[in-house]
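One structure is given below, encoded as structure tokens.
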Amino acid sequence: MKILYETAMSPLNLMPLYRVWHEVILVILIAYMNQTRMTDYTLAGLSESWVGSLTLNLLCYATVFVPGYFLIWYFKKSKYIERAGSGLVPRLITSCVYGQSYDKLATTDPSHTRSLPPEKTLSAKCMQLSFCFLGLQVSYLTWGVLQEKIMTKEYHNSEGSIGHFKDSQFLVFVNRILAFMLAAMYLTCSRQPRHTAPIYKYSYCSFSNIMSSWCQYEALKYVTFPTQVLAKASKVIPTMIMGKIIASKKYEYYEYVTAVLISIGMTLFLLGSTEAHGTTSSSTTMSGVIILVGYMSFDAFTSNWQGELFTQHKMSSVQMMCGVNLFSCLLTTTSLMQQGTFSLSLQFMLTYPAFFWDSLILSVCSATGQLFIYYTISVFGPVVFIIIMTIRQGLAILLSCFIYSHPVTLMGILGILLVFTAIFLRIYCSHRLKQVQQRKTLPDTTKV
């Protein structure tokens, strides 16, 4: 048995092991289906529930991650970088597995250093801020309205047929493919810092980004859009937890206080929404809450992992956008093709032209919104960006309640006010704390 194990785990026998593993899984699945004769449990039937759809997606993603893991293990174990040539394939493997360390980079030529841009006037800054504000509001408010429409409303065509789109993963793919194309075009047309990170490291935050987006779309089948938006505003809580786990971050007292206030406000809003929807079953509400918790957890991991990559490898935001969306396209395409839902979604798109235009505008808003995010943060910083996006969340709730007639009770309104009050209090305390710290360090620098 020991000899068999060592033979199977030998690097030279990895590919035969994959084939044997694949054949064994197929035989087991076919035998199980023939033995049980449960023909109702097809892939389409399993994907009707969110648990079944999630399971299928994870299994399909595993067909990419498991071989990729063993390939990376093999290249590192065999010290491939010591014998890699200078051809295209060896360079591609080196970039994917090892990256390019800073000690191999050429030193920066002083003649190529960029001079600081001239200081802009107040009117120019106001125009720039208005451009960012309008761009973010239009992109994400439109995106939110279309997101709710696609996942909750019925589509009609000229022949009188009625359809309801249910595949959340296809919407994730549509958003990511256009974002990847825009980022790749921007990288080819602009000067960027040399990329040093191993490309495979983007796969982790890409997976969590896919899952958070899937949860975001899937949750609309069980909870209202205002509930989902308020859950996004409350994601500071899992973000703090993930920060503790991933980067061992320390937080101030006001951050814990505002997190508790956000939790109380979110609870009040959920209780108010449950009272407003008297026919809503507890199982539906619980499913929506579980999916929203999954969304916030995956989204918190994404932001913390990306922060670690920015700190370690100093890539640009557009490089991050391109790398994450590259793996997102790979994973979603593989899953859609394996489940056979890619053709079904395209057929739905051809049957209902309104869905085609909604999906196109949705993906355009998502891609342009990402560009506005990176531009706003680079010009005005994260505090201004957070304020703009917090305002957007409040407007999104009002817009959704107005367009789709979502009832909100007095308790729900109090919950909304408490959440956004805590968020603005958090922003204010953070800004004041930074000012105090800067004033403390100022006398020390003047003495030198």
Side-chain angles (χ1 to χ4, degrees), residues 40-41 43-59 61 144 147-154 164-169 171-172 207-242 245 259-302 393 396-397 400-401 404-416 418-420 422:
D40 292 337
Y41 288 148
L43 291 180
L46 185 60
S47 61
E48 288 297 324
S49 66
W50 71 268
V51 177
S53 178
L54 176 62
T55 303
L56 288 176
N57 292 345
L58 293 177
L59 289 175
Y61 298 153
Q147 177 190 10
E148 184 173 10
K149 177 185 176 183
I150 291 174
M151 297 306 299
T152 61
K153 304 301 177 182
E154 296 177 340
H164 188 190
F165 189 76
K166 299 180 180 180
D167 194 353
S168 303
Q169 187 174 215
L171 294 179
V172 178
F207 168 74
S208 60
N209 182 258
I210 290 174
M211 294 307 302
S212 65
S213 299
W214 180 88
C215 292
Q216 188 175 357
Y217 288 114
E218 197 72 14
L220 289 176
K221 299 178 182 178
Y222 305 96
V223 296
T224 62
F225 182 76
T227 304
Q228 186 205 74
V229 173
L230 208 61
K232 293 181 188 179
S234 307
K235 68 182 181 182
V236 62
I237 303 169
T239 300
M240 292 173 63
I241 296 174
M242 287 294 177
I245 297 173
V260 172
L261 291 177
I262 289 173
S263 302
I264 296 173
M266 189 66 191
T267 303
L268 292 175
F269 179 80
L270 289 175
L271 293 175
S273 300
T274 305
E275 291 178 2
H277 294 81
T279 58
T280 303
S281 64
S282 59
S283 60
T284 299
T285 304
M286 183 56 62
S287 296
V289 170
I290 292 173
I291 296 174
L292 287 177
V293 170
Y295 158 74
M296 292 186 291
S297 302
F298 283 118
D299 192 71
F301 176 86
T302 301
Q393 290 171 340
I397 291 177
S400 177
C401 293
Y404 299 110
S405 302
H406 294 302
V408 181
T409 62
L410 179 60
M411 184 182 296
I413 294 175
L414 291 176
I416 294 174
L418 184 58
V419 168
F420 285 103

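No experiment lies behind these values; they were computed from the predicted model shown.
Counting heavy atoms from C-beta on, the side chains of Ile291 and Lys221 never come closer than 4.5 Å. Within the 4.5 Å cutoff, the side chain of Trp50 has heavy atoms near those of the Tyr222 side chain.
With sequence neighbours excluded, the residues satisfying side-chain contact (heavy atoms from CB on, under 4.5 Å) with Ser213 are Val172, Arg176, Asn209. Lys149 is linked by a side chain to side chain donor-acceptor pair (under 3.5 Å) to Asp358, counting only residues two or more places apart in sequence or in another chain. Remark: Gln147 pairs with no residue by the side chain to side chain donor-acceptor pair (under 3.5 Å) rule, at least two apart or across chains. Residues forming a side-chain contact (heavy atoms from CB on, under 4.5 Å) with Leu58 (at least two apart in sequence, or on another chain): Leu54, Tyr61, Phe207, Met211. Applying the side chain to side chain donor-acceptor pair (under 3.5 Å) criterion to Ser208, with sequence neighbours excluded, gives Thr302.
The backbone N or O of Ile150 sits nowhere less than 3.5 Å from a side-chain atom of His164 that would complete a donor-acceptor pair.
Considering CD of Glu218 and CD1 of Ile290, their distance stands at 13.0 Å, rounded to 0.5 Å. Of the inter-residue distances, the one linking Gln216 atom CD with Tyr295 atom OH reads 5.0 Å to the nearest 0.5 angstrom. With rounding to the nearest 0.5 Å, the separation of CD1 in Ile210 from CZ in Phe298 is 11.0 Å.
Gly294 approaches Cys215 most closely through the heavy-atom pair C-SG, 4.1 Å.
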